[in-house]
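Throughout, a chain's letter reflects where its sequence line sits, starting with A, and its residues are numbered from 1. If you're wondering where the values come from, they're calculated on a predicted model, not measured in any experiment.
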Number of protein chains: 4
Amino acid sequence: MSPDDPGRRRSSRSTAAILEAALALAAERPYPQVTVESIAARAGVSKATIYRWWPSRGAVLVDALAARNARDVAYGLPDTGDLRGDLAVVLRGVVDELADPAWDALLRALTVETLQDDTLRSQVLATIFTPQLEAFAARFAVARAAGQVGDDVDDLAALELVVAPVFHRWQQGSGSLTHAYADGVAARACRALAPADRPDAEG
Amino acid sequence: MSPDDPGRRRSSRSTAAILEAALALAAERPYPQVTVESIAARAGVSKATIYRWWPSRGAVLVDALAARNARDVAYGLPDTGDLRGDLAVVLRGVVDELADPAWDALLRALTVETLQDDTLRSQVLATIFTPQLEAFAARFAVARAAGQVGDDVDDLAALELVVAPVFHRWQQGSGSLTHAYADGVAARACRALAPADRPDAEG
Amino acid sequence: MSPDDPGRRRSSRSTAAILEAALALAAERPYPQVTVESIAARAGVSKATIYRWWPSRGAVLVDALAARNARDVAYGLPDTGDLRGDLAVVLRGVVDELADPAWDALLRALTVETLQDDTLRSQVLATIFTPQLEAFAARFAVARAAGQVGDDVDDLAALELVVAPVFHRWQQGSGSLTHAYADGVAARACRALAPADRPDAEG
Amino acid sequence: MSPDDPGRRRSSRSTAAILEAALALAAERPYPQVTVESIAARAGVSKATIYRWWPSRGAVLVDALAARNARDVAYGLPDTGDLRGDLAVVLRGVVDELADPAWDALLRALTVETLQDDTLRSQVLATIFTPQLEAFAARFAVARAAGQVGDDVDDLAALELVVAPVFHRWQQGSGSLTHAYADGVAARACRALAPADRPDAEG
DNA sequence: TTGTAAACGAGACGGTACGTCTCGTCTTAAT
DNA sequence: ATTAAGACGAGACGTACCGTCTCGTTTACAA
């Protein structure tokens with residue numbers, strides 16, 4: 001499946017152009033207007049080339065985001081010893097990203113696709129969600145060793161405590177997404193994570 | 001906007017049939033196949049009648065869900081004095097609903113629409129989310145009076161602590177949605193909600 | 001099937017525009033470039049409207065020619081008593097038409113379609129060929145009564161003697177199509193048609 | 001243009017396979033489905049090889065027929081002294097060929113191509129039509145010497161008298177193509193060909 | 001005046017075939 | 001026997017239409 005696998009000879013130029021076009025379009029216009037035709041046009045590529053390599057518009061989008069993440073994103077959380085502070089930093093970053101219209105649109109598009117296609121959901125889970133979970137898990141392991149996180153909370157549940165409120169609020173539009181809010185979420189998460197006998201220990 | 005607003009002479013028979021058809025179709029087939037055409041056909045109504053009264057497929061769906069909620073749903077949380085237990089009961093109910101393929105499909109459809117149309121999102125916020133928030137707020141008020149919830153956590157943030165993890169997991173497909181998980185979420189929420197000086201009081 | 005058949009409500013405006021566009025395009029460009037898309041564009045009509053009413057590009061063309069013939073063409077041969085002269089007049093007209101690039105292109109297109117679709121061939125036979133055959137038959141009946149045509153030659157064979165050489169030459173490009181040639185064909189046809197005992201009688 | 005022109009090193013194996021595939025496909029399926037792609041597949045050859053040596057699908061077909069004719073067809077008409085009988089024999093053969101679905105399809109395909117490409121028409125004229133015309137011309141020369149054909153009818157016009165009615169009827173589907181019909185056409189052609197002063201002489 | 005039925009313009013869909021263009025491989029004829 | 005020109009298969013590519021679909025609108029008729 002390497003991009004230059006002889007016998008397939010998939011054009012890396014075209015592939016890159018398609019992924020880039022998909023991201024750009026999803027970031028700049030309502031998702032229903034991000035059609036395969038528009039992606040093809042923007043990429044200077046034929047529709048047939050897209051259909052040759054991807055089964056659907058959503059698959060292109062997911063691939064595009066995965067490629068971008070692989071290129072640009074450094075997974076890994078800060079570790080200053082202060083769990084609440086570290087989580088607050090991360091959540092402030094999330095809040096800032098969600099405030100960017102391009103990221104907002106991109107994430108909406110991605111969510112729409114995963115809601116309608118279980119294959120894509122699995123793919124997102126594997127390529128986007130899991131690396132983030134692992135980054136959090138690494139930080140939680142440190143925190144657990146420092147007695148800041150109880151043994152009864154698994155990594156997935158812990159991650160949900162931290163990020164789910166933010167994404168829920170983003171998706172519902174039920175409240176404002178500020179740095180102060182991010183700090184509050186981090187604080188509450190730490191309270192919930194703390195071992196029962198040593199609530200919210202700060203090391 | 002009332003369904004029998006005099007002067008518009010909107011047919012309540014048709015309206016009901018359309019809303020019912022929309023719900024039934026959204027529950028039973030992939031959402032892209034829930035077309036205005038299919039709703040009209042199922043309702044025994046012409047497309048023009050739908051477009052006369054609703055601007056989009058999503059608006060029909062939102063109206064349909066709001067109507068159904070107004071008819072069937074009793075908002076309000078149990079109050080046994082045991083906050084964690086009460087929340088666990090509610091979350092177990094949520095988990096059960098999400099396990100129902102019909103509800104699952106319906107909620108996916110609703111989410112897809114709200115992600116793509118801010119007007120609908122506002123409408124959902126007002127007609128579906130807010131009543132639920134108020135029901136939670138009422139219960140939180142009681143809990144706060146009993147010293148089980150700190151004054152520093154507002155109702156929205158509190159609600160997020162309780163429900164966001166569940167919906168996050170549902171949407172990501174990142175873990176299983178069991179009663180045990182619901183209990184765990186309730187427990188962690190209560191730890192986070194508890195006043196700092198009296199962690200996780202059980203009244 | 002009438003164009004204003006209640007219950008179908010076919011738009012006569014669109015129908016006319018489509019037929020006109022088809023004729024114009026077939027007359028002015030190579031037939032492979034007369035696509036359904038181009039007809040729709042020229043007619044200011046959507047492709048779906050064409051496919052709603054005709055099964056193929058060729059069917060549109062045949063309909064268009066039939067409509068034009070029904071409107072413009074006066075079937076019927078001259079009858080001066082001089083069969084050879086009358087036939088020569090008709091053939092000179094045919095030759096002139098075939099020299100017109102628009103008619104040439106149109107007839108090529110029609111022939112291409114009938115060669116590839118037996119349904120269309122039948123339709124052409126019924127709506128275009130048969131009226132012409134009947135017009136010839138009427139003239140031959142007069143000629144037969146005048147002893148200029150033998151009883152052993154049926155109308156179809158007689159018509160073939162008159163027109164087939166011209167169309168054959170047109171199609172093969174095997175020779176020039178002049179008035180002199182038309183006269184020669186008429187003369188030879190009359191010799192072949194004449195009763196055996198009274199060759200080529202002139203009345 | 002010889003197939004083994006040194007310096008081109010055209011593969012005679014491929015060439016033969018392509019021509020054979022083209023004929024076979026044109027004989028067995030509707031002509032629109034005789035694509036370059038299908039010819040290449042049938043011949044076990046790449047599309048590029050076809051486009052390297054022929055400009056179009058039609059050119060392959062014409063070449064294929066020319067090659068087949070050069071190999072299989074003995075031009076030349078019988079000469080028993082009885083012109084009408086000899087022509088009838090030839091026309092019966094034509095009628096029999098046209099009744100063969102494979103030949104029918106092949107001839108339709110050839111005609112479609114010549115109607116849309118003047119280059120191919122010229123090629124067909126030179127490689128297929130002209131040899132036949134010459135064969136007829138040779139027989140007519142004998143007949144003319146025998147006083148069976150007038151000096152005022154040139155060879156091309158004479159050939160048209162004989163074959164055009166048959167092809168016209170074949171193309172229009174206007175009547176049945178039987179041996180009796182073939183005999184009638186031959187008879188009428190001879191009447192038309194006969195010198196004016198000695199109608200339909202039989203030698 | 002509604003609502004229904006269905007046709008309409010618009011345009012995306014997923015796909016086929018076109019004709020062009022690399023790729024490596026293999027043939028072939030002249031060294 | 002070696003070599004180099006170039007024909008070969010494979011198949012990806014951009015282009016252009018195909019015939020179908022859904023959308024949201026419009027029109028004509030029926031109640």
Side-chain angles (χ1 to χ4, degrees), chain A residues 4 6-15 32-41 43-57, chain B residues 7-11 13-14 32-38 40-41 43-57, chain C residues 4 6-15 17 32-41 43-57, chain D residues 4 6-15 32-41 43-57:
Chain A
D4 295 312
R8 312 284 297 262
R9 291 186 296 114
R10 178 172 180 170
S11 158
S12 55
R13 179 194 309 274
S14 293
T15 299
Q33 292 171 33
V34 182
T35 65
V36 172
E37 310 238 12
S38 69
I39 296 173
V45 140
S46 96
K47 275 196 306 171
T49 299
I50 295 180
Y51 284 116
R52 210 186 330 272
W53 299 110
W54 291 274
S56 68
R57 174 186 67 158
Chain B
R8 320 258 321 236
R9 296 201 289 122
R10 176 173 183 172
S11 157
R13 180 194 308 275
S14 293
Q33 292 171 34
V34 182
T35 64
V36 172
E37 212 116 27
S38 70
V45 140
S46 94
K47 275 197 304 172
T49 301
I50 295 180
Y51 283 112
R52 210 189 315 282
W53 299 109
W54 290 274
S56 70
R57 174 184 67 160
Chain C
D4 296 311
R8 312 286 296 265
R9 292 186 295 109
R10 178 172 180 169
S11 159
S12 55
R13 180 193 309 274
S14 293
T15 300
Q33 293 171 33
V34 182
T35 64
V36 173
E37 310 238 13
S38 70
I39 296 173
V45 139
S46 99
K47 277 196 301 171
T49 299
I50 295 181
Y51 284 113
R52 211 188 324 273
W53 300 109
W54 291 275
S56 69
R57 175 186 67 159
Chain D
D4 296 312
R8 313 285 296 264
R9 292 186 299 111
R10 176 173 181 171
S11 159
S12 56
R13 180 194 309 274
S14 293
T15 300
Q33 293 170 33
V34 182
T35 64
V36 173
E37 214 116 27
S38 69
I39 296 173
V45 140
S46 101
K47 279 197 301 172
T49 300
I50 296 181
Y51 284 112
R52 210 187 325 272
W53 300 108
W54 291 274
S56 70
R57 173 186 68 159

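- Considering only side-chain atoms of A:Ala48, the nucleotide from E:dT4, F:dC8, E:dT16 that sits closest is E:dT16.
- Side-chain atoms of A:Lys47 and base atoms of F:dG14 include no donor and acceptor less than 3.5 Å apart.
- Taking each heavy atom of A:Pro32 and A:Thr35 in turn, the nearest pair found is O-CG2, 3.8 Å.
- Taking the nucleotide of DNA chain F with the nearest heavy atom to each of C:Ser56 and B:Arg57, the more 5' of the two is matched to C:Ser56.
- In this structure, C:Glu37 CD and C:Ile39 CD1 are separated by 10.5 Å, a value rounded to the nearest 0.5 Å.
- Across A:Lys47 and A:Val36, no two heavy atoms sit closer than the pair CG-CG1, 4.2 Å.
- Closest to the side chain of A:Thr35, out of E:dT20, E:dC8, E:dA12, is E:dA12.
- Note on C:Trp53: every side-chain N or O is 4.0 Å or more away from OP1 and OP2 of E:dA6.
- Among the nucleotides E:dG3, F:dC23, F:dT20, the one closest to the side chain of C:Tyr51 is F:dT20.
- Counting any heavy atom pair closer than 4.0 Å across all strands shown, D:Ser38 reaches no nucleic acid atom.
- The 5' end of DNA chain E is approached more closely, in terms of each residue's nearest nucleotide, by B:Val45 than by the other of D:Gln33 and B:Val45.
- Atom CD1 of C:Ile50 is separated from atom C1' of E:dA10 by 14 Å (rounded to the nearest Å).
- Heavy-atom minimum distance, D:Ser14 versus D:Thr49: CB-CG2, 4.5 Å.
- Rounding to whole angstrom units, CD1 of residue D:Ile39 and C1' of E:dC18 are separated by 13 Å.
- In the set E:dC13, E:dA7, E:dG9, E:dG9 carries the atom at the smallest distance from any side-chain atom of C:Thr49.
- Picking from E:dT4, F:dA7, E:dA12 the nucleotide with the shortest atom distance to the side chain of D:Arg52 gives F:dA7.
- Nearest to the side chain of C:Ser14, among F:dG19, E:dC8, E:dC13, sits E:dC8.
- Taking for each of A:Gly44 and C:Pro55 the nucleotide of DNA chain F with the nearest heavy atom, the 5'-most of the two is the partner of A:Gly44.
- Atom CZ of B:Arg52 sits about 6.5 Å away from atom OG of B:Ser46, to the nearest 0.5 Å.
- Distance, B:Glu37 CD to F:dT25 P: 14 Å, rounded to whole Å.
- One interatomic measurement links the two molecules: CH2 of C:Trp54 to P of F:dT20, which rounds to 15 Å at whole-angstrom precision.
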